[in-house]
Amino acid sequence: MAITAIKGFNDILPSEIEKWQHIEKTARDVFGCYGFSEIRVPIMEKTELFCRSIGDATDIVEKEMYTFTDKGDNRVTLRPEGTAGVMRAFIEHKLYAADPVSKLFYMGPMFRYERPQKGRYRQFHQIGAEVTGVSDPKVDAQTLTMLSHFFSELGLDEPSLEINSLGCPECRPAYREILKDFLRQKLDTLCEDCQRRLDTNPLRALDCKVEKCKVATADAPAMLEHLCTACDTHFTETRSYLDLVSTGYRINSRMVRGLDYYTRTTFEMITGLLGSQSAVAAGGRYDGLISDLGGPSVPGIGFAMGVERIALLLDNAKFQTSPALFIVALGEEAQKRAFCLSTELQRAGVSVEFDYEGKSMKSQMRRADKLSCGYTLIIGESELASGVAPLKEMKTGNQFVIALDSKTIAQELKS
RNA sequence: GUGGCCAUGGUGAAGCGGUUAACACUUACGACUGUGACUCGUACAUUCGAGGGUUCGAUCCCCUCUGGCCACCCCA
């Protein structure tokens, strides 16, 4: 039996790579317009970084991390998300000192030891963005607007934006207690999972898919109604700025995020097209994270998008490119000429294909068609003698003779 | 970690106890002696994920293993 890839680790094949590149390019272009710079950080970090940032009690840290002891006896972990590493670098290189506002984006693989299913893999890719240094709600609104902009730039109108506020260390603990009291009264009408989660993660019950939990929590107290004045103002202003630039959103007061560091604004881009994996992007504000990691007291907000999930929403075929020219050569001399000519054209920036094996004209033409080449150039003995050859436009079938000269051909193909 | 479904060629698949293992796509060559697409022809699985069992006989039934998909938990 041949060796296969590790479970949940996927190859991204040539047939889909152009779609991936398109997603990445769109992110670079759109984020660039909003003043973001790319940062590349390692895919492995000290385990402690993730414990501190994501939260020791979260599922990610408790059961999903790829953690090893290396040969120097250090505990290291393949990153399960991007924010922690980026913030570590931000603090380590004191980026806050050079500029009070920093806008960074990153892309790359993340690793979580979960059971794979549709839109969920053990190695998956995220594109994320982080703004640090500003707590003003204009940044929240701008970040969300950029996210929406990215999706519309990709031609995806379907994922819709949902927002919520999780409050801050001032108001969230109190709300948590209020919610717990509420849930305790309904305890026997909740599903087993929610009963178990009551103490560890009561917010989760608001998001439970089990019907009886939905019923039981229908009139549960909402975080949004228990925000402190500062958080309430922040949320209201965020909304007003979103309205000001017509960024569409829906308030979802039951939205829960899985990472401990989130404060105030949280959000998700949701689609109904991916089975149970409905979130294609998600994020929030994390005003306490940087200081928790030993940095200065600087606020932050960011999001991450799941590239595989976005890719599932996009059709491969739309992003495939094909060679501009196929050179059909008949006879050994013509093949030699085709090789030289194609090299000259390639050096001039034209994408060219030709046959390597001296196949029949028919198979060469078939291959040109299969590769969707824009043009074919046919070279045989008479063309070598005359110095001109027929150039055929495949789409229309029109053809005319052209000089066997790379400059002339390159010019013609570019026109 | 738990549950459900599934495993036949390069691909999508039919077959469900005895078949030349259908059909379609892909690929290769040809019909068209130097012009693709459409059409037509020819070729392409000694073998049905692996191992064991039942049977005169197993792709088909049973068991074990492995792999995949989807769902739960959780999450991008």
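Below, read A as the first sequence line, B as the second, and so on, with proteins coming before strands; counting in each chain starts at 1.
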A:Thr145 and A:Ser148: side chain donor to acceptor below 3.5 Å: no

From B:rU35, B:rG34, B:rU26, pick the nucleotide closest to the side chain of A:Lys370? B:rU26

On a whole-Å scale, what distance lies between the C1' atoms belonging to B:rG18 and B:rU55? 12 Å

Side chains of A:Thr67 and A:Thr77: is there a donor and an acceptor less than 3.5 Å apart? yes

Side chain to side chain donor-acceptor pair (under 3.5 Å): pairs with one or both residues in residues 332-349 of chain A, sequence neighbours excluded: A:Glu344-A:Ser406

From CZ of A:Arg204 over to C1' of B:rC74, roughly how many Å is that when rounded to an integer? 7 Å

Rounded to whole Å, how long is the line connecting atom CZ of A:Phe124 with atom P of B:rC74? 17 Å

Would you mind classifying the nucleic acid contact of A:Gly119 as base, sugar-phosphate or nothing, using non-hydrogen atoms under 4.0 angstrom? base

Mind checking A:Ile127 for me? I need base, sugar-phosphate or nothing, with any heavy atom below 4.0 Å counting as a touch. nothing

Is the phosphate of B:rC72, meaning OP1 or OP2, less than 4.0 Å from a side-chain N or O of A:Gln117? yes

Does B:rA37 have OP1 or OP2 sitting under 4.0 Å from an N or O in the side chain of A:Arg366? yes

Can you check the distance between B:rA50 and B:rA7, where both ends of the measurement are the P atom (answer in whole Å)? 14 Å

Would you indicate what A:Lys118 reaches in the nucleic acid, counting non-hydrogen atoms under 4.0 angstrom: base, sugar-phosphate, or nothing? sugar-phosphate

What contact category does A:Gly128 fall into here, base, sugar-phosphate, or nothing, at under 4.0 angstrom with non-hydrogen atoms? nothing

Expressed in whole Å, how much space separates the C1' atoms belonging to B:rU64 and B:rC70? 24 Å

Who pairs with A:Arg120 by salt bridge (charged side-chain N to carboxylate O under 4.0 Å, His left out), at least two apart in sequence or on another chain? A:Glu114

Residues in side-chain hydrogen bond (donor to acceptor under 3.5 Å, both in side chains) contact with A:Glu64, at least two apart in sequence or another chain: none

Go through the side-chain N and O atoms of A:Asp140 and A:Thr265 and say whether any donor and acceptor fall under 3.5 Å apart. yes

Contacts of A:Asp405 meeting side-chain hydrogen bond (donor to acceptor under 3.5 Å, both in side chains) (sequence neighbours excluded), chain-then-number -> A:Thr408

Which residues, if any, of residues 354-363 of chain A bring a heavy atom under 4.0 Å of RNA chain B? A:Lys359, A:Ser360, A:Met361, A:Lys362, A:Ser363

Nearest whole Å is fine: how far is B:rC74 P from A:Asp260 CG? 14 Å

Under the salt bridge (charged side-chain N to carboxylate O under 4.0 Å, His left out) rule, collect the residues that match up with A:Glu177, sequence neighbours excluded. A:Lys180

Between B:rU35 and A:Gln399, counting only base atoms on the nucleotide and side-chain atoms on the residue, is there a donor-acceptor pair under 3.5 Å? yes

Kindly write out the residues that satisfy salt bridge (charged side-chain N to carboxylate O under 4.0 Å, His left out) with A:Glu357, not counting sequence neighbours, or none if the list is empty. A:Lys359

Could you run through RNA chain B and flag its stems, i.e. three or more consecutive Watson-Crick or G-U pairs with both distances under 3.5 Å? B:1-7 with B:66-72, B:10-12 with B:23-25, B:27-31 with B:39-43, B:49-53 with B:61-65

With a 4.0 Å cut-off on heavy atoms, is A:Ala368 in touch with a base, just the backbone sugar-phosphate, or nothing at all? nothing

According to salt bridge (charged side-chain N to carboxylate O under 4.0 Å, His left out), who are the partners of A:Asp355, at least two apart in sequence or on a separate chain? none

Atom CZ of A:Arg367 and atom C1' of B:rG36: how far apart are they, to the nearest Å? 13 Å

Would you say the side chain of A:Arg115 and the base of B:rC72 hold a donor-acceptor pair, judged only by whether the two atoms sit under 3.5 Å apart? no

Checking A:Arg122 against A:Tyr113: charged group under 6.0 Å from the ring centre and within 45 degrees of the axis? yes

With C1' as the reference atom in both, quote the distance from B:rU59 to B:rU19 in angstrom, rounded to an integer. 12 Å

Output all residues satisfying ring pair (Phe, Tyr, Trp, His ring centres under 6.0 Å) with A:Tyr241, sequence neighbours left out; order by chain, then residue number. none

For the pair A:Arg40 and A:Glu38, find out whether any cationic side-chain nitrogen is under 4.0 Å from an anionic carboxylate oxygen. yes

Can you check the distance between B:rC61 and B:rU26, where both ends of the measurement are the P atom (answer in whole Å)? 32 Å

The ring pair (Phe, Tyr, Trp, His ring centres under 6.0 Å) partners of A:Tyr356 (sequence neighbours excluded) come to A:Phe354

Given that A:Leu274 and A:Ile379 both sit by RNA chain B, which one's nearest nucleotide is further toward the 5' end? A:Ile379

Per nearest nucleotide of RNA chain B, the residue lying toward the 5' end, A:Asp369 or A:Tyr113, is A:Tyr113

Between B:rA76 and A:Arg257, is there an OP1 or OP2 to side-chain N/O distance shorter than 4.0 Å? yes

Using atom P of each nucleotide, how far apart are B:rC38 and B:rU8 to the nearest Å? 29 Å

Starting at CG of A:Asn316 and ending at P of B:rU11, how long is that distance when rounded to a whole Å? 17 Å

Rounded C1' spacing from B:rG1 to B:rC74 in Å: 12 Å

Provide, to the nearest angstrom, the distance between the CZ atom belonging to A:Phe267 and the P atom belonging to B:rA76. 11 Å

Integer angstrom distance from the P of B:rC44 to that of B:rA22: 11 Å

Those residues of residues 44-69 of chain A lying under 4.0 Å from RNA chain B by at least one heavy atom: A:Asp59, A:Lys63, A:Glu64

Rounded distance (Å) that lies between atom P of B:rC75 and atom CD of A:Gln126: 13 Å

To the nearest angstrom, the CE-C1' distance between A:Met305 and B:rC75 comes to 17 Å

Can you tell me if A:Lys7 touches the phosphate of B:rG68, counting only side-chain N or O atoms and a distance under 4.0 Å to OP1 or OP2? yes

